[in-house]
S.K.: 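For reference, the structure I am asking about is given below.
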Amino acid sequence: MLDMKYIRENLDETERRLRTRGGESYLDGFRELDEKRRTLLKEGEALKALRNSVSDEIGRTKDKSQVQDKIIEMREVSHKIKGMDEELNQVDEQLHSFLLTVPNLPHAATPVGTSENDNVLVRSWGEPSTLPFAAKPHWDLGEELGILDFERGAKIAGARFTLYRGAGARLERALINLMLDLHTDKHGYQEVLPPFMVNRDSMTGTGQLPKFEEDLFKMVDPDFFLIPTAEVPVTNIHRGEILKKSDLPISYCAYTPCFRREAGSYGKDTRGLIRQHQFNKVELVKFVHPTESDAALEELTGHAEKVLQLLEIPYRVMALCSGDIGFSAAKTYDIEVWLPGQSCYREISSCSTFDDFQARRASIRFREDEKSKPEFVHTLNGSGLAVGRTLVAILENYQQADGSVRVPAVLQSYMGGLELIKR
RNA sequence: GGAGAGAUGGCCGAGUAGGUCGAAGGCGCUCGCCUGCUAAGCGAGUAUACUGGGAAACCGGUAUCGAGGGUUCGAAUCCCUCUCUCUCCGCCA
């Protein structure tokens, strides 16, 4: 959520920056609502001040017969206040729900552009391999090796669900452990294991609601949602809290499954593990001092990259342009991994800084020092990494001419010493 | 699923025959004093949001005692609904 006062005082500038996201107009009607609200507030509060002081006087007067006329007068005033409060509540509600649908301001360093074609290559690591034989996509490799069973996944649940078997299931688990161990032991994150379902407040706090409800799996009763990413439960750990400055930065990593409707992506990535309704992810989340968030984004992205470096899989880092960043993000780096089976780079991690956008929605604050007013922290998060897609990258990059797949050296100890996955 | 208890400021905790309660007291914390150091002691201060005024320091108003609604001139206190926590019973991985 953006700061109402900031919008009020910088309306044109805010609108201009928001439009670099590609929409038409974002702040239509704000001025009117805001002014209406403040007028109602002012008049209502004046009446309340009157009622408070007169009621106080009535309370002090022992002989109530002397103040009968005031009681009657205040009865009228209270009636009027009630009406104004109702109107004010409506305006407040409108203004609030309006603000919840306004996306974050793009960071000054976010390249301006309209689509993914305008994303900027920041760096690349490793050589995109050209295998000396016809590289297979992971869905062929996985089925032939008997480690990915798409048909039965579909039978059990439906399209976009997969049954992992044997070395495939083990490989997924090995990757989760490798990532968690790396981030906790080497990068200083505290491991957390959060609930996989959250309430509406949490979904609103990180920005999934109210705009993107159709992307979520929803429980009917009670009103819970399956998390689409660990970002939601982990960022909401500190919702409504005032943190100590000395607590910052706070760094959490979490393994969770993620659940996404993938509404609107019918026909896209229908084969294989790339786009599933349920997938595993290790997520990195940081709460930092506002002056530290830019540096923290670089650092966090580096932590995610480290996983691919250890696995020795080529990748590149893209700075997303203003037209391609997410609703809540101010700046985002996507890490894209090379997939020889499909001869393309695919997103495997998305690392973003949200500045104070999520912190304001979720009210996550800190004090600069004991006496100063609470300020909003900055939040960041990134995948470190999407586990299913990492498994895809291993299958495709480590495949052999005979259809077997070598196990990356760093994973062998997690795989009981297994060096080769073969039929 | 059944029965009961509870939800007050950073924490603990008073306050329920409605008014002087944004809320006693204690702890913690901050600043000052005192003390050879520490401890103890003394004094002052110490919630948040919105809003008006002001360059600012700051001053004023309103709201908030789990959430929402009701009664009343006036509600932390009375009534209703909901949420959450705890205890016991049942069931269960």
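Residue numbers begin at 1 in each chain, while the letters A, B, ... track the order of the sequences.
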S.K.: F196(A): what forms a ring-ring contact (aromatic ring centres under 6.0 Å, His included) with it, not counting sequence neighbours?
M.R.: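 If we apply the ring-ring contact (aromatic ring centres under 6.0 Å, His included) test to F196(A), skipping adjacent residues, there are no hits.
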S.K.: Quantified in whole Å, what is the C1' atom distance between nucleotide rG10(B) and nucleotide rC65(B)?
M.R.: 16 Å
S.K.: Which value, in whole Å, describes the distance between the C1' atoms of nucleotides rU77(B) and rA7(B)?
M.R.: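 15 Å, rounded to whole Å.
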S.K.: Before accepting this row, confirm whether a basic side-chain N of the pair E76(A)/K80(A) lies closer than 4.0 Å to the acidic partner's carboxylate O.
M.R.: no
S.K.: Any base atoms under 4.0 Å from K244(A), or only sugar-phosphate, or nothing? Heavy atoms, all strands.
M.R.: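 Result for K244(A) = nothing.
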S.K.: Measuring only the P atom in each nucleotide, how far is rU64(B) from rA23(B)? A whole number of Å is fine.
M.R.: 14 Å
S.K.: Hey, could you give me each pair passing side-chain hydrogen bond (donor to acceptor under 3.5 Å, both in side chains) that has a residue in residues 237-259 of chain A? Not counting sequence neighbours.
M.R.: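 Applying side-chain hydrogen bond (donor to acceptor under 3.5 Å, both in side chains) to every pair that reaches into residues 237-259 of chain A, excluding sequence neighbours, yields S202(A)-R239(A), N236(A)-R239(A), H238(A)-E241(A), H238(A)-Y252(A), K245(A)-E368(A), S251(A)-K286(A), Y255(A)-N280(A).
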S.K.: Provide, to the nearest angstrom, the distance between the CG atom belonging to L99(A) and the P atom belonging to rC50(B).
M.R.: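 Checked: the CG to P distance equals 12 Å.
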S.K.: Starting at atom CG of L47(A), determine the distance to atom P of rU51(B), rounded to an integer number of angstrom.
M.R.: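 Spelled out: CG on L47(A) to P on rU51(B) is 19 Å.
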S.K.: Distance check needed: rC50(B) C1' versus L40(A) CG, whole Å only.
M.R.: 14 Å
S.K.: Kindly write out the residues that satisfy ring-ring contact (aromatic ring centres under 6.0 Å, His included) with F98(A), not counting sequence neighbours, or none if the list is empty.
M.R.: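 ring-ring contact (aromatic ring centres under 6.0 Å, His included) check on F98(A) returns nothing, list empty.
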S.K.: Classify the angle between the aromatic ring planes of H187(A) and H183(A) as parallel (below 30°), tilted (30 to 60°) or perpendicular (above 60°).
M.R.: tilted
S.K.: What does the list of N/O pairs under 3.5 Å between the protein and nucleotides 16-21 of chain B look like, with a distance for each?
M.R.:
from	atom 1	to	atom 2	distance (Å)
rG19(B)	N2	S55(A)	O	3.1

S.K.: Among residues 74-88 of chain A, which contact RNA chain B at a heavy-atom distance under 4.0 Å?
M.R.: M74(A), R75(A), S78(A), K82(A)
S.K.: Determine the interatomic distance between C1' on rU46(B) and the same-named atom on rC34(B); round to the nearest Å.
M.R.: 22 Å
S.K.: For F357(A), is there any backbone N or O sitting under 3.5 Å from a side-chain donor or acceptor partner on D355(A)?
M.R.: no
S.K.: How close or far is atom P of rU51(B) from atom CG of L41(A), stated in whole angstroms?
M.R.: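 To the nearest whole Å, that distance equals 7 Å.
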S.K.: Is a side-chain donor-acceptor pair under 3.5 Å present for Q358(A) with T379(A)?
M.R.: yes
S.K.: Using the test ring-ring contact (aromatic ring centres under 6.0 Å, His included), find all partners of H96(A) that sit at least two apart in sequence or belong to another chain.
M.R.: none
S.K.: Let me spell it out: for each of N89(A) and K5(A), pick the nucleotide of RNA chain B with the closest heavy atom. Which residue's pick is nearer the 5' end?
M.R.: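 The residue whose closest nucleotide sits nearer the 5' end is K5(A).
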S.K.: Would you measure the distance from the P atom in rA44(B) across to the matching atom in rA49(B) and give it in whole Å?
M.R.: 27 Å
S.K.: Using atom P in both nucleotides, what's the gap between rA63(B) and rA76(B) to the nearest angstrom?
M.R.: 10 Å
S.K.: Any ion pair linking K155(A) and D149(A) (charged N to carboxylate O, less than 4.0 Å)?
M.R.: no
S.K.: Report the residues that fulfil ring-ring contact (aromatic ring centres under 6.0 Å, His included) with F354(A), sequence neighbours left out, ordered by chain and then residue number.
M.R.: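 None.
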S.K.: Mind checking the CZ-CE spacing from R37(A) to M4(A)? Nearest 0.5 Å is all I need.
M.R.: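 Between atom CZ of R37(A) and atom CE of M4(A) there are 4.0 Å.
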S.K.: Using a strict cut-off of less than 4.0 Å between a Lys/Arg side-chain nitrogen and an Asp/Glu carboxylate oxygen, indicate whether D12(A) and R16(A) qualify as a salt bridge.
M.R.: no
S.K.: Roughly, in whole Å, what's the span from NE2 in H96(A) to P in rA49(B)?
M.R.: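 Value for this atom pair: 16 Å.
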S.K.: Determine, for E213(A) against R200(A), whether the closest basic-nitrogen to carboxylate-oxygen distance falls under 4.0 angstrom.
M.R.: yes
S.K.: Anything under 3.5 Å between a donor and an acceptor, one on a side chain of residues 382-396 of chain A, the other on a protein residue two or more places apart or in another chain? List them.
M.R.:
from	atom 1	to	atom 2	distance (Å)
S383(A)	OG	S350(A)	N	3.1
R389(A)	NE	I274(A)	O	3.0
R389(A)	NH1	E347(A)	O	2.8
R389(A)	NH2	I274(A)	O	2.9
T390(A)	OG1	A386(A)	O	2.6
E396(A)	OE1	G341(A)	N	2.8
E396(A)	OE1	Q342(A)	N	3.4
E396(A)	OE2	H138(A)	N	2.8
E396(A)	OE2	H138(A)	ND1	3.0
E396(A)	OE2	Q342(A)	NE2	2.7

S.K.: Which whole number of Å gives the distance between the C1' atom of rC86(B) and that of rG28(B)?
M.R.: 26 Å
S.K.: Could you report the tightest heavy-atom contact between T110(A) and C321(A), atom names first, then the distance?
M.R.: CG2-C, 3.8 Å
S.K.: Could you pull out the closest heavy-atom pair between K136(A) and G403(A), with the gap in Å?
M.R.: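 Closest approach of K136(A) to G403(A): NZ-CA, 4.5 Å.
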S.K.: Write down the protein N/O and nucleotide N/O pairs, taken from nucleotides 44-48 of chain B, whose separation is under 3.5 Å; answer none if there are no such pairs.
M.R.:
from	atom 1	to	atom 2	distance (Å)
rU48(B)	OP1	R367(A)	NH1	2.5
rU48(B)	OP1	R367(A)	NH2	3.2
rU48(B)	O3'	R365(A)	NH1	3.1

S.K.: Quick one: is R8(A) getting a side-chain N or O under 4.0 Å of the rU51(B) phosphate, OP1 or OP2?
M.R.: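 Checking rU51(B) against R8(A), a side-chain N or O does come within under 4.0 Å of OP1 or OP2.
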S.K.: Roughly, in whole Å, what's the span from CZ in F224(A) to C1' in rC84(B)?
M.R.: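 After rounding, the reported distance stands at 11 Å.
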S.K.: Reading RNA chain B 5' to 3', what string of ( ), [ ], | and . shows its pairs, if Watson-Crick and G-U wobble pairs count only when both distances fall under 3.5 Å?
M.R.: ((((((((.[[[..)...(.....]]]((((((.......))))))(((((((....))))))).[[[[[..)....]]]]])))))))....
S.K.: Got a sec, which residues hit salt bridge (charged side-chain N to carboxylate O under 4.0 Å, His left out) with E57(A), two or more places apart in sequence or on another chain?
M.R.: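 Partners of E57(A) by the salt bridge (charged side-chain N to carboxylate O under 4.0 Å, His left out) criterion, ordered by chain and then number, come out as K70(A).
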S.K.: Can you check nucleotides 62-64 of chain B for protein contacts, nitrogen or oxygen pairs under 3.5 Å, and list what you find?
M.R.:
from	atom 1	to	atom 2	distance (Å)
rU62(B)	OP1	N52(A)	ND2	3.2
rA63(B)	OP2	N52(A)	ND2	3.3

S.K.: Taking only the side-chain nitrogens and oxygens of R37(A), find out if one of them lies under 4.0 Å from OP1 or OP2 of rC50(B).
M.R.: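 Indeed not, no polar side-chain atom of R37(A) lies that close.
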S.K.: Using the P atom in both, what is the distance from rG25(B) to rG45(B), to the nearest Å?
M.R.: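 The same atom, P, in both gives a distance of 12 Å.
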S.K.: Is a side-chain N or O of R21(A) found less than 3.5 angstrom from the main chain of G326(A), in a donor-acceptor match?
M.R.: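 Pair found, side chain donor or acceptor close to backbone of G326(A).
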S.K.: Whole-Å distance between rA49(B) P and R38(A) CZ?
M.R.: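 Spelled out: CZ on R38(A) to P on rA49(B) is 18 Å.
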